[in-house]
Amino acid sequence: MTLRIYNTMSGSKEEFQPIEPGKVRLYVCGITAYDYCHIGHARANVVFDVIFRYLKRLGNEVTYVRNFTDVDDKIINRAKELKIDSCELAKRFMAAFSEDMARLGCESPSVEPKATENIPQIVAIIRTLIDKGLAYEADGDVYFSIEHFPGYLKLSKRNMDEMVAGARIAPGEQKRNPMDFALWKAAKPGEPYWDSPWGPGRPGWHIECSAMSMRYLGSSIDIHGGGKDLVFPHHENEIAQSEGATGQPFARYWIHNGFVNINQEKMSKSLGNFFTVREVLEKYDPEVLRFFILSAHYRSPIDFSDKNLEDARHGLTRVYEALQALEEVLETQAGSVIPETELTGEDEMIWQPAARLEEDFRAAMDDDFNTAQALGHLFEAVRVVNRVLSDRRFETNRHWLKRLAAAREGILRCGQVLGLFQTKPGSWLERLKDAGLGESGLSKEAIEALIEERKAARAARNFPRADAIRDELAAKGIILLDSPQGTTWKTK
RNA sequence: GGCCCCGUCGCCAAGUGGUAAGGCAGAGGUCUGCAAAACCUCCAUCACCCGUUCAAAUCGGGUCGGGGCCUCCA
């Protein structure tokens, strides 16, 4: 089995072969730090977090670089509005981003470089480009000359004539060709600047990624990723700059994730219909959001809505409840003395989906990181586990306990790649309960008191009263669960 | 206008030539004083049309519908 990845450059799935076997160089475009990140950022970063984890699971040594853009027009403008230092502003939102990503269960990349800490590297590349005749200086600005780079538009597959016809030169720009783009921007009064051979200024929009990718990963890397919207012009320009400067292929595989829609419409800053990760996490458990993101293939659009998030919560709960039941049985049965016999052929058939889980999971992930299908396999395994758990056949044949323990391991191992199911089931379920409690307007104490009252009513066989209590709580979203050990509750 | 993507059960979502995974919701059953959970059973022929093929949701052509990029954006 080999990993196949959809490469935007070729427009098809290709077998993944890193430049150096066993090592993967991965670069993903990070955020511009001028605002809290939204669920589109959440999706992109969760998707690449899973890719990072899976590549490691496959035995690769992965260097994952994700940059921060900490100097840029948007940052400068926002800082001006807020009357604070642009550097401070960037720092604040970089910290917020890291917090959000941690809550979403994303691992830290190997390196998280900042544009402002790579100015010498940026200047060096620009200088090379000028020397090679691929860039020119004009009034303190430096522009990349696209007509001298033959491969331009090979990633986005656009038509140059059409593009040129539609392009405009903004006031104050000194471009020779409307499609040329800035590598270096001269500083206006009051703007942050760095000294350069062309005078004080700051890097253009795309050059930082070329510089940081080359600095940390070398001139050719394996995977370069980002959102679909970065294909043009950002990634196209990165290719032009990088390959123009080094003469080497910049990246072998280009991976782009799809958008998050709100009510079937693209979520975007300009439309103003975006939710920040923070807002969403006030209402939903971070793992629910993560599960929701992974329930679709990374290239498909996903539609964000309360209904979809609630469905995701129910699905995730199903897994955690199975995991908890599994844990309980495994603990209580650990010391019991029961016979152990081989499973029959029929038993093996029943057990199949669980036995094959890791193999199926891998096949799904190998197929362009198909997390939706991988989750399907996980649920198949969960059903088998529940089945074995409910008919209690493990009480007569110890062999089943071993199988259950193995299934638990398998589910957790797969979950680890997805960054799911890693919380202790009991505490996750408890957390969910606490969150649901907020909506009911009830306190734990009030619920416990009603449970006590109902217990007494039941003991007196006053079932009408007992049922009235059940109904009353149910109306507020609290569900009572009777068991031989007593009554517990959970939220709907 | 150019380039690109999508249309699969009530909702979400896999499947991209060999006869439709999974989740949520729903119906019936087992369990329960009643419930819940869980389990069992049931629940789609893949927008439409025309082709290619022994065989198509999957390939080609067309129609209708939806969306994206081309300007900052994950």
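Each chain gets a letter, A, B and so on, in the order its sequence line appears, and its residues count up from 1.
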Between Asp306(A) and Tyr284(A), a side-chain donor and acceptor under 3.5 Å: yes
Inter-nucleotide P distance (A44(B), C11(B)), Å rounded: 15 Å
Polar contact flag, side-chain donor to acceptor under 3.5 angstrom, Gln373(A)-Asp367(A): no
Donor-acceptor pair present, Lys266(A) side chain and C73(B) base, under 3.5 Å: yes
Sugar-phosphate, base or nothing in reach of Asp161(A), heavy atoms under 4.0 Å: nothing
Reference residue Thr371(A); test side-chain contact (heavy atoms from CB on, under 4.5 Å); the match among Val46(A), Leu294(A), Val47(A): Leu294(A)
Touch class at under 4.0 angstrom, heavy-atom based, for Leu480(A) against every strand present: base
Nearest-angstrom distance from the residue atom CZ of Arg43(A) to P of A13(B): 10 Å
Touch class at under 4.0 angstrom, heavy-atom based, for Arg313(A) against every strand present: nothing
Sugar-phosphate only, base, or nothing, as touched by Ser300(A) at under 4.0 Å among non-hydrogen atoms: sugar-phosphate
Ring centres under 6.0 angstrom apart (Phe97(A), Phe68(A)): yes
Sugar-phosphate only, base, or nothing, as touched by Val231(A) at under 4.0 Å among non-hydrogen atoms: nothing
Sugar-phosphate, base or nothing in reach of Asn308(A), heavy atoms under 4.0 Å: sugar-phosphate
Given RNA chain B, 5'-ward residue of the pair Arg454(A) and Asn159(A), judged by closest heavy atom: Asn159(A)
base_contact_polar (C69(B) base, Arg158(A) side chain, donor-acceptor, <3.5 Å): yes
Sugar-phosphate only, base, or nothing, as touched by His297(A) at under 4.0 Å among non-hydrogen atoms: sugar-phosphate
Sugar-phosphate, base or nothing in reach of Gly227(A), heavy atoms under 4.0 Å: sugar-phosphate
Aromatic stack Phe379(A)/G23(B): centroid gap under 5.5 Å, interplanar angle under 30°: no
5'-most by nearest nucleotide on RNA chain B - Gln373(A) or Glu380(A): Gln373(A)
Tyr36(A)-Phe93(A) aromatic ring centre distance below 6.0 Å: yes
Sugar-phosphate, base or nothing in reach of Phe292(A), heavy atoms under 4.0 Å: nothing
Sugar-phosphate only, base, or nothing, as touched by Ala296(A) at under 4.0 Å among non-hydrogen atoms: sugar-phosphate
Parallel, tilted or perpendicular, as decided by the 30° and 60° cut-offs, for the rings of His224(A) and Phe250(A): tilted
Base of A35(B) paired with side chain of Arg470(A) (donor-acceptor, under 3.5 Å): yes
Nearest-Å distance once atom P is located in both G26(B) and G10(B): 15 Å
Sugar-phosphate, base or nothing in reach of Lys74(A), heavy atoms under 4.0 Å: sugar-phosphate
Sugar-phosphate, base or nothing in reach of Leu481(A), heavy atoms under 4.0 Å: base
Rounded P spacing from U30(B) to G23(B) in Å: 23 Å
Touch class at under 4.0 angstrom, heavy-atom based, for Gly258(A) against every strand present: base
N/O donor-acceptor pair, side chain Arg299(A) with base G68(B), under 3.5 angstrom: no
Pairs involving residues 300-321 of chain A, ordered by first then second residue, that meet ring-ring contact (aromatic ring centres under 6.0 Å, His included) (sequence neighbours left out): Phe275(A)-Phe304(A), Tyr320(A)-Trp428(A)
Nucleotide-resolved protein contact map, nucleotides 39-46 of chain B, B/S/- at heavy-atom distance under 4.0 Å: SS------
Touch class at under 4.0 angstrom, heavy-atom based, for Gly376(A) against every strand present: base
